[in-house]
Amino acid sequence: QVQLVESGGGWVQPGGSLRLSCAASGSFFSIRTVGWYRQAPGKQRELVATITSGGSRNYADSVKGRFTISRDGAKSTVNLQMNSLKPEDTAVYYCTIVSTGYWGQGTQVTVSS
């Protein structure tokens with residue numbers, strides 16, 4: 001059984017920063033691509049960023065240069081550093097082990113003044 005638990009969401013003003021973390025149970029996590037997705041109200045879930053077991057990163061165009069994804073294999077965690085946040089970044093953010101069907105419960109990020 002794999003469990004993913006996100007933390008670090010909250011409210012921030014435009015231009016601010018937040019750091020999301022996702023802790024995974026089990027060794028399965030360390031050999032797979034992991035990532036962050038988000039879903040805003042009334043919109044489909046969309047990719048934010050992914051990182052392979054070898055450390056290769058992929059970002060949505062909308063977050064390039066502002067967000068950084070990282071992972072710690074020893075701790076089975078994946079983090080998302082979000083800088084220069086914009087109101088359009090407001091969404092529920094989910095971590096996932098890509099293509100496995102394993103998702104966290106989500107953490108709310110709200111960017112507003």
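Because the structure is a prediction, the values reported are computed rather than measured.
- A side-chain hydrogen bond (donor to acceptor under 3.5 Å, both in side chains) check over residues 39-55, counting only residues at least two apart or in different chains, returns the pairs R38-E46.
- Within the structure, disulfide (SG to SG under 2.5 Å) contacts touching residues 28-109 (residues at least two apart or in different chains) are C22-C95.
- Listed by chain and residue number, nothing satisfies the side chain to side chain donor-acceptor pair (under 3.5 Å) test with N58 (two or more places apart in sequence, or in another chain).
- Counting only residues at least two apart or in different chains, side-chain hydrogen bond (donor to acceptor under 3.5 Å, both in side chains) contacts with residues 66-75 comprise R66-D89.
- The stretch residues 28-81 participates, sequence neighbours left out, in no disulfide (SG to SG under 2.5 Å) pair at all.
- Annotation: side-chain hydrogen bond (donor to acceptor under 3.5 Å, both in side chains) contacts involving residues 94-107, sequence neighbours excluded, comprise E6-Q105.
- Cluster partners of W11 are absent, since no Ile, Leu, Val, Met, Phe, Trp or Tyr has side-chain heavy atoms less than 4.5 Å from it.
- Under the rule for a side chain to side chain donor-acceptor pair (under 3.5 Å), S113 has no partner lying at least two apart in sequence or in another chain.
- Not counting sequence neighbours, Q3 has no partner by the side chain to side chain donor-acceptor pair (under 3.5 Å) test.
- Listed by first and then second residue, the disulfide (SG to SG under 2.5 Å) pairs involving residues 39-94 amount to none (not counting sequence neighbours).
- A search for side chain to side chain contact (heavy atoms under 4.5 Å, CB included) contacts involving A23 returns T77, not counting sequence neighbours.
- Residue pairs meeting the disulfide (SG to SG under 2.5 Å) criterion with at least one member in residues 39-78: none, sequence neighbours excluded.
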